[in-house]
Amino acid sequence: MVRGGPSPTPERACGVGSEPVREVLSSLIGVPAAILLAAGLGIVGVTLVSRVRRSAGRPPIRWAHLALGVGFCGAGMLLLELQVSVFGVH
C-alpha cells in the first residue's frame, strides 16, 4: 500500500451485488430486530414495575410476561448479530 494513497474498501461478508440491494436486505433484518428488542425491553420493564409498585385491587403482571420479554430481547439481539455479521455495519 502506498503511503497517502486511498485505502482499499473493506470486503463485505455478503455476496449480494449492489449497495441498494444490500441496504434493503439489511433493513429487512434490522427493522424487525429493533422492534423485538424494544418490545422485549418494554415488557420486561412493565413487568418489573408492576411487581414493585402494586396497585390496590389489581394483581401484578405474571412472571410469564418477564420470560416473554427476555425471549423478545434475545431474539432481537440474535437478529442484530446476524445483520452485522452478514451485512456489516454502515
Side-chain angles (χ1 to χ4, degrees):
M1 183 166 141
V2 178
R3 219 175 231 196
S7 61
T9 58
E11 291 292 325
R12 301 254 186 212
C14 179
V16 180
S18 66
E19 185 68 24
V21 173
R22 272 196 296 266
E23 293 291 331
V24 169
L25 291 176
S26 176
S27 296
L28 287 175
I29 294 175
V31 170
I35 291 170
L36 282 171
L37 192 57
L41 289 174
I43 292 172
V44 167
V46 167
T47 303
L48 293 177
V49 167
S50 77
R51 288 284 171 175
V52 172
R53 299 179 64 197
R54 295 181 186 247
S55 300
R58 289 181 53 186
I61 296 177
R62 294 188 177 105
W63 287 112
H65 290 93
L66 181 66
L68 178 70
V70 169
F72 279 172
C73 283
M77 296 214 19
L78 286 175
L79 278 177
L80 282 175
E81 186 176 333
L82 174 71
Q83 177 197 5
V84 169
S85 66
V86 171
F87 297 107
V89 178
H90 343 233

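This structure is a prediction, so every number in the text was calculated from the model and none was measured. This chain uses plain numbering: 1 for the first residue, then up along the sequence.
Of all the heavy atoms in C73 and L37, the pair that sits closest is O-CD1, 3.7 Å. Shown here for Q83 and G30, the closest heavy-atom pair between the two residues is OE1-CA, 3.4 Å.
To the nearest 0.5 Å, atom CG of residue L25 and atom CD of residue E23 are 10.0 Å apart.
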Which pairs would a plain distance check flag for residues 40-51, meaning a side-chain donor or acceptor within less than 3.5 Å of a matching protein atom at least two apart in sequence or in another chain?
unit_1	atom_1	unit_2	atom_2	d
T47	OG1	I43	O	2.7
S50	OG	V46	O	3.4
S50	OG	T47	O	2.9
S50	OG	I61	N	3.3
R51	NE	I61	O	3.2
R51	NH2	I61	O	3.0

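In the hydrophobic clustering of ILVMFWY residues, with side-chain heavy atoms under 4.5 Å counting as a link, M77 and L82 come out apart. Under the 4.5 Å side-chain heavy-atom criterion for Ile, Leu, Val, Met, Phe, Trp and Tyr, L68 and W63 are members of distinct hydrophobic clusters. L78 is not connected to V84 by any chain of hydrophobic side-chain contacts under 4.5 Å among Ile, Leu, Val, Met, Phe, Trp and Tyr, and they are in different clusters.
Under a 4.5 Å side-chain heavy-atom criterion applied to ILVMFWY residues, the cluster that includes I35 comprises V31 as well.
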